[in-house]
Trainee: 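Quick one: the structure is below, and I'll ask about it shortly.
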Amino acid sequence: MKSFNYKKHNDYKWAMTVDLDRCDGCGACVVACQAENNIPSLGVEQTQEGRNMLWLRIERYIEGSYPDVKVRFLPMMCQHCDTAPCESVCPVYATYQNNEGLNVQVYNRCVGTRFCGNNCPYSVRYFNWYDPDFEGKEKNQLNPDVSLREKGIMEKCTFCMQRIRRGKDNAADEGREVHDGDIKPACVQTCPTGALEFGNINDHHSRVSKLAHSGRAISLFEEKGTHPSVKYLKGGTADVF
Amino acid sequence: MSSNNVKRSSDAVTAGGHGDISLLPELEAFRDPKSKAARASYDDADIYRDEKSFNEHTLAPMFTTSRAYFVFVIALGIVIANGFAWFVAQTFLGMGQTNMHEPLFWGAYIATFVFWVGMSHSGTIVSSILRLSQANWRRPILRAAEAMTAFSLLVAGMFPLVHVGRLWRVYYMFPLPNQRELWPNFKSPLMWDMMAIGIYLTGSMTFLFIGLLPDLAVARDKAIRENNWRRHYLSFLSLGWRGSHREWSVYNKASMFLAVAILCIAPSVHTIVSWDFAMTMTPGWHTTIFGPYFVVGAIYSGIAAVITLMISLRWIFKLDDVIRTLHIDCLAKLLIVIAIIWTYFYFCEFNVVWYSQKPEEWGIWEWQAERFGSFLWIMVGGSVLSIFLMSWRKIRTNMVAMFFITLLVNVGMFIERYLIVVPILSHRDSAYMWTDYVPSVTELSIIVGSFAYFVLLYALFLKLFPIVTMADVKEGVIVSGDVKLGRHAVRMQVKE
């Protein structure tokens, strides 16, 4: 398996944990992600069509019937699978596994066959149905570190690739390895309850590594054999009313 | 090989070939003592005309054009122009013009693509099987079937271009040399698909062209004699065919070789198209039966389309004595067999899921039954009904009935392709993303345009090339004839 090799040959393998017991579904991460990654807001019509490009979305599942109703929240983003089903089906190598365990999307290479989206069990890949439309002041708040995507290509969560780059650059300038907590994707930085944790899973002392190896960690659709880099933590009651 | 050096005459009895002489009982199976006309319209291997008037008769659709034809072509042109306009709008504005959305990334375009690839599957397959099995009744209909393959493949090849998000970058999918040494991903089923269709298109075009050669020469001679404008391209395309012994022997070798090659390529093409779906891990698509199921489905819809087309041709161009009741009857028998196999495969696919009730797969069936219940009934019911109806020879030899039955089969098969793509993608693993989909005006216009495009290509072909396989028919006359055995006249044939 690829994931075993990472430990030998690569220093970093980025991973995330989502503590379902802590998530209260506030949606701050969704907004942060949208602002950080230049994701256009599509307006009422397109949203009703089901084309919202939320790289990180909060899935809300309602269980039971009144008065005994429970709502469960599941933050869902690209799982950065070690054996990613989206990669093998792309006819032009627009998506591939990089040597830090990230599943990378090359916007310039994508021709938009949308095969990757069909093969993703998590349905976390999004397509640019139209050119992004940033009006007026929206243009001023675009993140210069993130490229804008043209119509007709796929995109998805990158684990805030630009922040990972900056963190590694800073560490290299200071002549050291990246410390735990140096790099925080926008969602992790924003999460008020601290449900999200990000770090290098190859470093056994990192928080994310400890959490991912705790008994609470599960992967979504584990039976698919995709080996996701995102682990969900579930122990107590993940119920919020 | 047939002996083409034998002097041709319409009352040839037997040819002096070296092959074994055998009885073909199926040719004599149909005897209708009541009416000689019925016999003439059904019976086989003989043309009740001399060679010259046969040429005139079969070239008539090509050389005479009615006003209705022009009206028809213009009407088709308008439908195509409409589809093309929507396509241009979609390219400039974005794929949002369709009604697709996450996670339903493939919609009616891909369903139509699979439909057209399927349609292409019977023309050459039927043609090669009949050539190789030396079914004598095949002779007049080969060209019409082969042309159908070539044109439906051309139409199918259009759909990936309509479907991709960035049409202007589609050359990334070709293995072009470039400075960055970037190659297409040969692990992707789409890549296999592109190659398979490329090979199949090349193969079937060559097959069509090689088969055309002797007939092109006949048409060329006529065009030159009558100083028709067609002489220019006909004399170029017929490659200077003179009908020498060597030319015939090369021709026979080439068409036999291509028949075998096509027979190997064709099933692989639709298997690979099925792998576009089956190779993914999407529940509902990821099944082992998809390969054979798609191939059979393709041949099924293809043969039905061949029959529809034959009946139309025979009606429009008064070719009753060339495309005879016999041909429709024989093709219908073939269709019954394929329809039974297809229905069996469909049953297999359904049955295992139903019995195991595995939630992610059975959920799709429930979803499908809830939303597309009437479609399901048209598809399965149409198939069962057509098997049932075609069991009677009276219906098999009734052109109007066969026309509508085969049309029903193809409506069902279009629905089948739609149901393979849409309900499965709208009911993915992640329950949060379950969705619904109806094609938009853009998608429907382009799809309707594609049907018109196919008909237009075929209509133009009819006016530019001979539609009846004249050389094969004449060969049939040479290699067979009536021989008196006792009191009975028996049709005999020299095996090729």
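Below, chain A is the first sequence line, B the second, and so on; all start at residue 1. What's counted below: heavy atoms across the whole structure, side chains too, no hydrogens, waters or symmetry copies.
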Trainee: Could you have a look at B:Met433, B:Met191, B:Lys187 and say which one has the most heavy-atom pairs with chain A under 4.5 angstrom?
Mentor: B:Met433
Trainee: Under the rule for ring-ring contact (aromatic ring centres under 6.0 Å, His included), what residues qualify as partners of A:Phe127, not counting sequence neighbours?
Mentor: A:Trp129
Trainee: Looking at B:Leu93, B:Val170, B:Thr435, which makes the most heavy-atom pairs under 4.5 Å with chain A?
Mentor: B:Leu93
Trainee: Under a 4.5 Å cutoff for heavy-atom pairs, which residue among B:Met100, B:Gln97, B:Met279 has the most contacts with chain A?
Mentor: B:Met100
Trainee: Do A:Asn103 and A:Glu87 have side-chain atoms, one donor and one acceptor, less than 3.5 Å apart?
Mentor: yes
Trainee: Counting only non-hydrogen atoms closer than 4.5 Å, does A:Tyr122 touch chain B with its backbone (N, CA, C, O), its side chain (CB onward), both, or neither?
Mentor: backbone
Trainee: Check each atom of A:Arg57 against the heavy atoms of chain B and say whether the ones under 4.5 Å are side chain, backbone, both or neither.
Mentor: side chain
Trainee: Measure the acute angle between the ring planes of B:Trp354 and B:Phe350, then classify it against the limits of 30° and 60° as parallel, tilted or perpendicular.
Mentor: parallel
Trainee: Which answer fits A:Cys116, side chain, backbone, both or neither, if we ask what part of it has an atom under 4.5 Å from a heavy atom of chain B?
Mentor: neither
Trainee: Pick one of side chain, backbone, both or neither for A:Ile58, based on which atoms fall under 4.5 Å of a heavy atom in chain B.
Mentor: backbone
Trainee: Ring centroid separation for A:Trp14 and A:Phe198, is it under 6.0 angstrom?
Mentor: yes
Trainee: For the aromatic rings, using the six-membered ring if either is Trp, is the centroid distance between B:Trp116 and B:Phe451 under 6.0 Å?
Mentor: yes
Trainee: Who among B:Ser430, B:Pro189, B:Pro283 has the most heavy-atom pairs with chain A under 4.5 Å?
Mentor: B:Ser430
Trainee: Using non-hydrogen atoms only, which part of B:Trp168 is less than 4.5 Å away from chain A: side chain, backbone, both, or neither?
Mentor: side chain
Trainee: At a 4.5 Å cut-off on heavy atoms, which part of B:Leu190 comes close to chain A: side chain, backbone, both, or neither?
Mentor: both
Trainee: If you count heavy-atom pairs under 4.5 Å between each of A:Gly225, A:Pro121, A:Ala94 and chain B, which one has the most?
Mentor: A:Pro121
Trainee: Has A:Asp82 got a side-chain atom pairing as donor or acceptor with A:Gly101's backbone, closer than 3.5 angstrom?
Mentor: no
Trainee: Is the B:Trp367 to B:Phe372 ring centre distance short of 6.0 Å?
Mentor: no
Trainee: Under 3.5 Å, is there a donor-acceptor pair between the A:Arg125 and A:Thr95 side chains?
Mentor: yes
Trainee: Heavy-atom distance under 4.5 Å to chain A: side chain of B:Phe174, backbone, both or neither?
Mentor: neither
Trainee: Examine B:His121 together with B:Phe294 and report whether their ring centres are nearer than 6.0 Å.
Mentor: no
Trainee: Under 4.5 Å heavy-atom distance to chain B, tell me which part of A:Tyr96 shows up: side chain, backbone, both or neither.
Mentor: neither
Trainee: If the contact rule is any heavy atom under 4.5 Å from chain A, which residues of residues 267-278 of chain B qualify, in numerical order?
Mentor: B:Asp276
Trainee: What residue in A:Thr226, A:Asn128, A:Leu74, A:Val111 has the most heavy-atom pairs under 4.5 Å with chain B?
Mentor: A:Val111
Trainee: Is a donor from one side chain sitting under 3.5 angstrom from an acceptor on the other, for B:Trp365 and B:Glu361?
Mentor: no
Trainee: With A:Asp19, which residues qualify under salt bridge (Lys or Arg N to Asp or Glu O under 4.0 Å), at least two apart?
Mentor: A:Arg22, A:Arg216
Trainee: Checking B:Ser440 against chain A: side chain, backbone, both or neither under 4.5 Å from a heavy atom?
Mentor: neither
Trainee: Could you look at B:Asn99 and say if it's the side chain, the backbone, both or neither that has a heavy atom under 4.5 Å from chain A?
Mentor: both
Trainee: Taking only residues at least two apart or on different chains, which pairs with a member in residues 148-161 of chain A satisfy salt bridge (charged side-chain N to carboxylate O under 4.0 Å, His left out)?
Mentor: A:Asp131-A:Lys151, A:Arg149-A:Glu155, A:Glu150-B:Arg166
Trainee: I want to know whether A:Phe159 and A:His80 have ring centres closer than 6.0 Å.
Mentor: yes
